[in-house]
Amino acid sequence: MILKLIKERRSIRIFAGEKIPAKDMNTIIEAGVWAPTGCNNQELRFVMLGRDDILAEALKFKPFFRGVSHFVLVLCDMSIPLSKQLYRKNSSAQMMSDIDAGLAIQNMVLQAKDIGIDSCIVNLSEKHYKKEKNLSVTQKISKELKKILRLHSINPNSFEYFLRNFLHIPKQYKIRAGVVFGYGKNFPNLEKVRHGANPIKRNSIENYIIKGEYAE
Ligand SMILES: Cc1cc2nc3c(=O)[nH]c(=O)nc-3n(C[C@H](O)[C@H](O)[C@H](O)COP(=O)(O)O)c2cc1C
């Protein structure tokens, strides 16, 4: 049953424009909240953007999304003592919060699909905001120095940087990921559509399982 739902979920980019009722959005968030978290830190927080004027601005670097009902941001609360310990820069457990965010997102998109709501995960790291070539020489040098000295906490050319400023998100919250939700209008043909290097239809599982002396 769950596998059927997993296979039916597709990344949808064009939605009908209809608004998702608040109770359904809450169900989706609840599914995210119940995802496992490393050390049971429960550090994830959620921002729900549903106003059309805010959506238009927040998604302006992703113009191919149309008719979105809600844009949900998944944030990590860095003010929790364990977050500071686990997710600080260069900590070996740093990736745990990314895993937590991924698990919460997958819970959310599957819960959404189960109640007839479509979704697409949104990469926030893209360089849309400010093209590198517009930086002055001093800015370029400062940027490279910060990179070398590992002083840059966030890419100033990123979508995430834009969102943080636009939404005035306090520094204690690190934006981990975003997901758009809505009622799908254009559904990709699973048999034909490719995205990036691959068809979106997955191959049979033998193609993904690595076998060897150590494995079955
Ligand atoms: C981490 C992550 C980031 C993604 N970012 C984007 C994005 O920015 N824009 C987009 O259209 N799709 C994005 N996707 C969706 C993928 O392109 C999609 O999952 C893939 O093409 C497979 O299609 P499916 O989700 O329908 O199976 C993202 C997916 C993941 C997991």
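Whatever order the structure lists ligands and atoms in, that order sets their numbers, starting from 1. What you see below is based on every heavy atom in this structure, not just the backbone, and it leaves out hydrogens, waters and symmetry mates. Keep in mind that this is a model prediction, so the values were computed, not measured.
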Check: Taking non-hydrogen atoms only, is Ile200 closer than 4.0 angstrom to ligand 1 via side chain, backbone, both or neither?
Finding: side chain

Checklist line | Region of Cys120 that comes within reach of ligand 1 [heavy atoms, distance under 4.0 Å] | finding: side chain

Margin query: If hydrophobic clusters are built by linking Ile, Leu, Val, Met, Phe, Trp and Tyr wherever their side-chain heavy atoms come under 4.5 Å apart, do Leu59 and Phe181 end up in the same one?
Written below: no

Checklist line | Atoms of ligand 1 close to Phe64 [distance to a heavy atom under 4.0 angstrom, numbered from 1] | finding: 11 (O)

Note to self: Among Leu73, Leu75, Val33, exactly one meets side-chain contact (heavy atoms from CB on, under 4.5 Å) together with Phe46. Which residue is that?
What the structure shows: Val33

Check: Just checking, any donor-acceptor pair under 3.5 angstrom between side chains of Ser119 and Arg9?
Finding: no

Note to self: My understanding is that we take every heavy atom of each candidate and find the minimum distance to atom 22 (C) of ligand 1. Doing that for His195, Arg202, Arg10, which one comes out nearest?
What the structure shows: Arg202

Item checked: Ser83 and Asp77 side chains, donor-acceptor separation under 3.5 Å -> no

Margin query: Please list, in number order, the atoms of ligand 1 under 4.0 Å from a heavy atom of Lys62.
Written below: 7 (C), 8 (O)

Note to self: Students often mix this up, so state it plainly: with edges at 30° and 60°, are the rings of Phe162 and Phe61 parallel, tilted or perpendicular?
What the structure shows: perpendicular

Next item on the list: Report the member of Arg13, Arg194, Lys7 with the shortest heavy-atom distance to atom 12 (N) of ligand 1.
Entry: Arg13

